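The structure appears right after this line, and notes come after that.
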Amino acid sequence: MTPFQPDRPDATPCATAQAGFSAYLDSAMSGVEMVAIHAHLASCTACAEEFSLWRDVQRSLGELGPAAMPARLQPQLRSAIAAERTRETYLPLHRRLLHQLQETVAPAALRLAGGFAVAITIVAALGWLIAAPIAVEANDDRLANLLPAHYLYSQVPPQPIRAAQDEPILVEALINEQGRVYDYNILTGPRNQQVQLQVADNLLASVFKPASLFGVPVRGHVVLTYTGVSVRG
Amino acid sequence: MSDLASAIGLRAEEQGFVADLKSGSEDAFHLLIAQYSQPIYSLIARSLRDPQEAADVTQEVFVKVFRNISSFHGESSLRTWIYRIALHEASNRRRWWCRHKKQELTIDAPIENEDGETLCLADALTANGLSPFEEAAGSQLRERVTTALQTLPAAFREVVILREIEGFGYEEIAEMLQVNLGTVKSRLTRGRAALRQALTNDIATRTAQAAQTRIATNLRTVTQ
């Protein structure tokens, strides 16, 4: 059989016809070409026999039919697809990842958020109990157990203070740890030497309970009022 | 006009079906399996040199369809897309066979054909090696055609099967194989010619064998 070489001008009519057998079998050529091949087959016995073989091959293939599928294959395929469906492999990758995120991370995130909130509450409570500074208040004397000094008695009867006129004398006495006056200061009233000597005499004989901090005697001060008495006569 | 309307209706119906498949509908996939498992199995069984593997490859095809249905955007018909996957899987399996089995059997050295495609020598040898029992059982003609079909290079065999057995048109075959129309026509012509040659050789061989058997029988009769 001469091979078909359409580009070559010396191609024989048989080769041209045989090259078109495949398309002729499928009627996949123009009407003119089909008529030409039909005419050639009518006039050329060799090509007619060759075409007959081609047609037999086609008929045989047609009779071959589809290969019989094993009976178990369809249930097997359904089972395989069911397994894939469980794994959600039909979803696009981003949706599958998102879904897995929702399935796994979201519940964990809820638990984490809850745990975090509880932890914050506990830390804040502990901080408030331990670390927060206690505000200093004016009435913290009792807390510090700070007790002021106060007058107890006089070792000699107190003498009235004679002054030029009747007026009160306000004295600030500074008390040491032994409850004795170690200094004084006249805040109001006459401040002459006579008055100061009388005040000093009175203070020297006076006994005080010293001020104390947490039970320990410390220095303190006491404000005393004397009545100035004017003596005329 | 009515053809156009029916085509549009068919397209819309397929779109609905594809949407069901994309949503993972079990019913839709059962329908898909019912509709396509037989033709896909048949195509693969005819394409592979070992039809015993056809069931496994068919399963791989449907799993692949399931996994990749979200990437199907309707550039081709669903049928074409599924057949393309099937042909690709069959091709992969053939390549795997040649790559792995050739280390065990020296006769499997790949031979390059005119298209630059490789085929195994064993394709041709095993194809003619059916047992006498198999020869006797069933239709001898069908077996001879099947055998002859197996001797064709894969590229020709695919086109011949798609055209002659599955009945696809040239355009759809071109779309499935992702080659141009001219290549489909060329492969079909050469495949048919090769098949005709293989069957003629087979008949000649059988005739010669029958003649030899007759001569041997006659000789035995004469000597007795």
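So that the names make sense, note that chain A is the first sequence line, chain B the second, and so on, each numbered from 1. As the structure is a prediction and not an experimental result, all values here were calculated from the model.
For the set B:Leu149, B:Val63, B:Val160, B:Ile161, the entry with the most heavy-atom pairs within less than 4.5 Å of chain A is B:Val63. If you tally non-hydrogen atom pairs under 4.5 Å between each of A:Val57, A:Leu25, A:Leu77, A:Leu73 and chain B, the highest count goes to A:Leu77. The residue among B:Ile33, B:Ile69, B:Ile165 with the most heavy atom pairs within less than 4.5 Å of chain A is B:Ile33.
Of all heavy-atom pairs spanning B:Ala55 and A:Arg72, the tightest one is CB-NH2, 4.4 Å. In terms of heavy-atom proximity, A:Ala23 sits nearest to B:Tyr170 at CA-OH, 4.2 Å. In terms of heavy-atom proximity, B:Ala34 sits nearest to A:Gln74 at CA-NE2, 3.7 Å. In terms of heavy atoms, A:Arg85 sits closest to B:Gly24 at NE-O, 2.5 Å. Across all their heavy atoms, A:Pro70 and B:Tyr41 have their closest contact at CD-CZ, 3.4 Å.
With rounding to the nearest 0.5 angstrom, the OG atom of A:Ser22 is 13.5 Å from the CZ atom of B:Arg196. In this structure, the separation between CZ on B:Arg192 and CD on A:Gln58 is 5.0 Å, given to the nearest 0.5 Å. With rounding to the nearest 0.5 angstrom, the NZ atom of B:Lys64 is 12.0 Å from the CD atom of A:Glu84.
Interface residue B:Ala45: only side-chain heavy atoms are found under 4.5 Å from chain A. In this structure, chain A has heavy atoms under 4.5 Å from both the backbone and the side chain of B:Arg67. Of the atoms belonging to B:Phe29, it is side-chain heavy atoms, and not backbone ones, that fall under 4.5 Å from chain A. For a residue to count as touching a neighbouring chain, one of its non-hydrogen atoms must lie under 4.5 Å from one of that chain's; by this rule A:Asp26 touches chain B with backbone and side chain alike. With a 4.5 angstrom heavy-atom cutoff, B:Val65 does not touch chain A via any of its atoms. Only the backbone of B:Ser23 comes within less than 4.5 Å of a heavy atom in chain A; its side chain stays farther off. If you measure heavy-atom distances from A:Ala83 to chain B, you find no contacts under 4.5 Å at all. If you measure heavy-atom distances from B:Ile44 to chain A, you find no contacts under 4.5 Å at all. Residue B:Leu199 touches chain A through its side chain alone, counting heavy-atom pairs closer than 4.5 Å.
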Tell me, with the steps shown, if A:Leu61 and B:Leu195 meet side chain to side chain contact (heavy atoms under 4.5 Å, CB included). CA-CA 10 Å; A:Leu61 284 168; B:Leu195 193 60; 3.4 Å; yes

Are A:Glu63 and B:Val145 close enough, and set up right, to give a side chain to side chain contact (heavy atoms under 4.5 Å, CB included), and what steps lead you there? CA-CA 10 Å; A:Glu63 286 170 3; B:Val145 174; over 6 Å; no

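A:Arg191 CZ: more than 12 foreign heavy atoms inside a 6.0 Å radius. No more than 12 heavy atoms of other residues, nucleotides or ligands sit less than 6.0 Å from atom NE2 of A:His221. By the neighbour-count criterion of 12 heavy atoms within 6.0 Å, atom NE2 of A:His38 is sparsely surrounded, having that number or fewer from other residues, nucleotides or ligands. For B:Lys22, the NZ atom counts as densely surrounded, since its 6.0 Å shell holds more than 12 non-hydrogen atoms of other residues, nucleotides or ligands.
B:Gln38 places a side-chain N or O within donor-acceptor distance of the main-chain N or O of A:Ala67, the cut-off being under 3.5 Å. The main-chain N or O of B:His30 is never found under 3.5 Å from a side-chain atom of A:Arg78 such that the two would form a donor-acceptor pair.
When the side-chain contact (heavy atoms from CB on, under 4.5 Å) test is applied to A:Ala211, the partners found at least two apart in sequence or on another chain are A:Ala149, A:Val218.
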